[in-house]
Amino acid sequence: MNTGNIADMSDAGSEPQPFELGPGAGKQHAPATLRNREPIAAMLVELLPKTGTVLEIASGTGEHVVHFARCFPDLTWQPTDVSADALRSIAAWRDDTGLDNILPPHQLDLTSGVWPAIKVDAIFCANMTHIAPWAATVGLFEGARQILKRDGALILYGPFFERDVGTAPSNLSFDLSLRARDPNWGLRDLAQVDKLAVEHGMRRTRRISMPANNLMLVYQAS
């Protein structure tokens with residue numbers, strides 16, 4: 001998956017600005033994480049198992065995984081990203097906190113078809129589907145079906161288009177700005193995501209409205 005060095009895009013309803021990872025080593029900071037990490041964590045309390053392993057897709061700077069590892073100390077977190085700059089930032093955040101329930105970051109290209117040889121209890125993916133080619137979302141569902149344990153959940157967070165729900169002006173503007181930057185990017189039609197899930201033996205079991213015109217979506221084996 002080629003998303004350049006974009007990571008942890010600002011929430012669509014908060015006058016979004018693309019956040020780009022800088023080159024080099026060391027911790028990096030994405031402003032959106034401070035706004036959305038608490039609402040996300042509050043929802044994950046209901047959605048994650050009490051123990052087990054959570055695979056985070058497109059971990060970006062690593063700030064989310066550090067926060068969630070503190071919130072859920074009985075879960076083991078496996079951060080991933082395709083970007084070398086992101087992997088360095090994740091590792092720096094992990095090393096700085098000293099948390100022992102965060103595994104070393106793993107490079108993962110969702111379009112490659114190559115996934116870690118592990119089984120996980122849940123997969124969490126925030127703000128990825130709209131800043132990557134559609135093939136990355138396809139790869140996400142292909143991989144999720146392979147590595148999720150029975151009753152495991154794929155949890156997506158971010159902005160989506162819904163055919164029967166009015167789209168916030170900020171989401172429309174966000175979509176236009178993304179497509180201007182890369183025609184392969186843009187907010188995804190939720191009906192198409194649901195169809196993709198069905199094609200890979202999964203179904204959406206929850207839709208949760210989140211702040212700043214975002215959604216939390218839960219998919220499980222059908």
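Side chains are part of it too, since the values below use all heavy atoms of this structure and drop only hydrogens, waters and symmetry mates. Small disclaimer: the values here were computed from a predicted structure and weren't measured.
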* Polar side-chain atom of N214 near backbone of A212 as donor-acceptor pair, under 3.5 Å -> yes
* Could you state the interatomic distance from CG (N101) to CZ (R70), rounded to the nearest 0.5 Å? -> 10.0 Å
* To do: Identify the two heavy atoms, one from C71 and one from A41, that lie closest to each other, and give their separation to 0.1 Å.
  => SG-CB, 4.1 Å
* Rounded to the nearest 0.5 Å, what's the gap from CD on Q146 to NE2 on H200? Could you check? => 9.0 Å
* Asked: Looking just at side-chain N and O atoms, do H29 and E63 make a donor-acceptor pair shorter than 3.5 Å?
  -> yes
* How about Y157 and F124: are their ring centres within less than 6.0 Å of each other? -> no
* So do N36 and P211 actually touch side chain to side chain, heavy atoms under 4.5 Å? -> no
* Can you find a side-chain donor-acceptor pair between S209 and R207 that sits under 3.5 Å? -> yes
* Would a distance-only check, ignoring hydrogens and angles, find a side-chain to backbone donor-acceptor pair under 3.5 Å from S177 to F174? -> yes
* **With L108, the side-chain contact (heavy atoms from CB on, under 4.5 Å) member among I57, L87, D81, V82** => I57
* Is there a donor-acceptor pair under 3.5 Å between the side chain of S59 and the backbone N or O of G62? -> no
* Identify whether V193 and V138 are in the same connected component of the hydrophobic contact network (ILVMFWY, side-chain heavy atoms under 4.5 Å). => yes
* Do L140 and L156 pass the side-chain contact (heavy atoms from CB on, under 4.5 Å) test, and can you show the C-alpha distance, the side-chain angles, and the key distance before you say yes or no? -> CA-CA 10 Å; L140 174 60; L156 303 183; 3.6 Å; yes
* To do: Could you go through the side-chain contact (heavy atoms from CB on, under 4.5 Å) check for D121 and V54 one step at a time?
  => CA-CA 6 Å; D121 299 276; V54 181; 5.9 Å; no
* With side chains defined as the heavy atoms from C-beta onward, is the minimum distance between I90 and T80 less than 4.5 Å? -> no
* Are side-chain heavy atoms of I147 and L55 found at a separation under 4.5 Å? -> yes
* Side chains of T61 and Q28: donor-acceptor distance under 3.5 Å anywhere? -> no
* Asked: Would a 4.5 Å heavy-atom cut-off, applied to side chains only, mark T205 and Y219 as touching?
  -> no
* May I have the step-by-step check of side-chain contact (heavy atoms from CB on, under 4.5 Å) for V218 and L154, ending in yes or no? => CA-CA 6 Å; V218 182; L154 167 61; over 6 Å; no
* Group every Ile, Leu, Val, Met, Phe, Trp and Tyr by side-chain heavy-atom contacts under 4.5 Å, then state whether I131 and L172 land in the same group. => yes
* Step by step, would you call E46 with M216 a side-chain contact (heavy atoms from CB on, under 4.5 Å)? -> CA-CA 12 Å; E46 298 182 17; M216 188 89 81; over 6 Å; no
* Structure fact -> Separation between OG (S173) and CG (L178), nearest 0.5 Å, reads 11.0 Å
* Validation row: M202, R145 side chains within 4.5 angstrom (heavy atoms) -> yes
* Is the shortest distance from a Lys or Arg side-chain nitrogen in D189 or R163 to a carboxylate oxygen in the other one below 4.0 Å? -> yes
* Partner of K27 under side-chain hydrogen bond (donor to acceptor under 3.5 Å, both in side chains), chosen from D96, T97, D95 -> D96
* To do: Verify whether the ring centers belonging to H130 and F160 lie closer than 6.0 Å.
  => no
* Report yes if some heavy atom in the side chain of I155 is under 4.5 Å from a heavy atom in the side chain of L44; otherwise report no. => yes
* To do: State plainly whether one hydrophobic cluster holds both I40 and I208, where clusters connect Ile, Leu, Val, Met, Phe, Trp and Tyr through side-chain heavy atoms under 4.5 angstrom apart.
  => yes
* **Min side-chain heavy-atom separation N213-P159 under 4.5 Å** => no
* Asked: Using the ring of each side chain (for Trp, its six-membered ring), is F68 parallel, tilted or perpendicular to W77, with breaks at 30° and 60°?
  -> tilted
* **Residue pair L190 / F161, side-chain heavy-atom distance below 4.5 Å** => no
* To do: Measure the CD1-CD distance between I102 and E56 for me, rounded to the nearest 0.5 Å.
  => 9.0 Å
* Hphob cluster co-occupancy, L217 + W134, side-chain heavy atoms under 4.5 angstrom -> yes
* To do: Would you kindly confirm whether W115 and F141 end up in one hydrophobic cluster when ILVMFWY residues are joined by side chain heavy atoms under 4.5 Å apart?
  => yes
